[in-house]
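See structure below.
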Amino acid sequence: VQLQAFGGGLVQAGGSLRLSCATSGRTLTTGWFRQAPGKEREFVAAISWTGGSVSYADSVKGRFTISRENAKNMLYLQMNSLKPEDAAVYYCSGSRSIVVIRPTESDFEYWGQGTQVTVSS
């Protein structure tokens with residue numbers, strides 16, 4: 001399984017950005033994590049293969065939406081009302097297990113390269 005994230009960039013606070021992740025192979029759970037400079041990588045959002053189960057970190061709930069389009073092997077993260085503290089390198093990830101609820105890094109076997117999101121205040 002391979003994943004490739006793209007769509008990062010520079011956006012003003014309050015703005016929106018959509019990240020995409022191209023995937024190959026089937027994973028039961030896909031997710032997004034992020035890592036800011038000097039901080040550990042943290043969970044952002046996860047979604048099941050069917051899309052019927054999703055979860056979000058409290059810090060992004062109500063602002064970010066995760067979705068997937070299996071016919072196109074794509075995973076998305078729509079980010080609205082961005083804040084400076086959302087700035088980080090964002091990684092997409094895949095798991096062979098159903099680990100949608102509050103997953104940790106160790107739950108995911110597959111990782112894409114990161115895409116940088118910068119939010120100016």
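This one's a predicted model, so the numbers in the text were calculated from it and none came from an experiment. The chain is numbered in sequence order, starting from 1.
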Shortest non-hydrogen contact between [X] and [Y], atoms and distance:
X: Ser20; Y: Trp32; answer: O-CH2, 3.6 Å
X: Ala36; Y: Ala87; answer: CB-O, 3.7 Å
X: Ala46; Y: Pro103; answer: CB-CG, 4.1 Å

With the 4.5 Å side-chain cut-off for hydrophobic clustering, are [X] and [Y] part of the same group?
X: Val60; Y: Val11; answer: yes
X: Leu17; Y: Val44; answer: yes
X: Tyr91; Y: Tyr56; answer: no

Answer yes or no: is there a donor N or O on one side and an acceptor on the other, between the side chain of [X] and the main chain of [Y], under 3.5 Å?
X: Asn70; Y: Trp49; result: yes
X: Ser97; Y: Val99; result: no
X: Thr29; Y: Ser95; result: no
X: Ser55; Y: Val100; result: yes

Give, for atom [atom1] of [X] and atom [atom2] of [Y], the distance between the pair rounded to the nearest 0.5 Å.
X: Leu82; Y: Ser120; atom1: CG; atom2: OG; answer: 10.0 Å
X: Thr115; Y: Gln4; atom1: OG1; atom2: CD; answer: 10.0 Å
X: Gln78; Y: Ser16; atom1: CD; atom2: OG; answer: 5.5 Å
X: Arg68; Y: Ser48; atom1: CZ; atom2: OG; answer: 7.0 Å
X: Ile98; Y: Thr27; atom1: CD1; atom2: OG1; answer: 11.5 Å

Return yes when atom [atom1] of [X] has more than 12 non-hydrogen atoms of other residues, nucleotides or ligands closer than 6.0 Å, and no otherwise.
X: Gln113; atom1: CD; result: yes
X: Ile101; atom1: CD1; result: yes
X: Glu105; atom1: CD; result: yes
X: Lys61; atom1: NZ; result: yes

Is any side-chain heavy atom of [Y] closer than 4.5 Å to one of [X]?
X: Thr23; Y: Gln2; answer: no
X: Ile47; Y: Leu75; answer: yes
X: Asp86; Y: Arg63; answer: yes

Taking Tyr90 as the fixed residue, which of Gln35, Arg34, Arg41 is the one that meets the side-chain hydrogen bond (donor to acceptor under 3.5 Å, both in side chains) rule?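 Testing Tyr90 for a side-chain hydrogen bond (donor to acceptor under 3.5 Å, both in side chains) against Gln35, Arg34, Arg41 leaves exactly one candidate, Arg34.
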Flag for Tyr110-Arg96: side-chain donor and acceptor within less than 3.5 Å: yes
Give the C-alpha distance, both sets of side-chain angles, the deciding distance and a yes or no for salt bridge (Lys or Arg N to Asp or Glu O under 4.0 Å) between Asp107 and Arg102. CA-CA 10 Å; Asp107 291 321; Arg102 296 292 182 176; over 6 Å; no
Might you work through the side chain to side chain contact (heavy atoms under 4.5 Å, CB included) test for Leu77 and Phe64, ending with a clear yes or no? CA-CA 7 Å; Leu77 184 69; Phe64 290 12; 4.1 Å; yes
My understanding is that only residues two or more places apart in sequence, or in another chain, count here; which of them pass salt bridge (Lys or Arg N to Asp or Glu O under 4.0 Å) with Lys39?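 With neighbours one apart ignored, the set is empty.
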The ring-ring contact (aromatic ring centres under 6.0 Å, His included) partners of Phe108 (sequence neighbours excluded) come to Phe33
Given the rule in the side chain to side chain contact (heavy atoms under 4.5 Å, CB included) test, do Phe6 and Leu19 qualify, once you have shown the distances and angles that lead to the verdict? CA-CA 6 Å; Phe6 55 95; Leu19 304 183; over 6 Å; no
Does NZ or CZ of Arg18 come closer than 6.0 Å to the centre of the six-membered ring of Tyr76, within 45° of the ring's axis?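 Yes.
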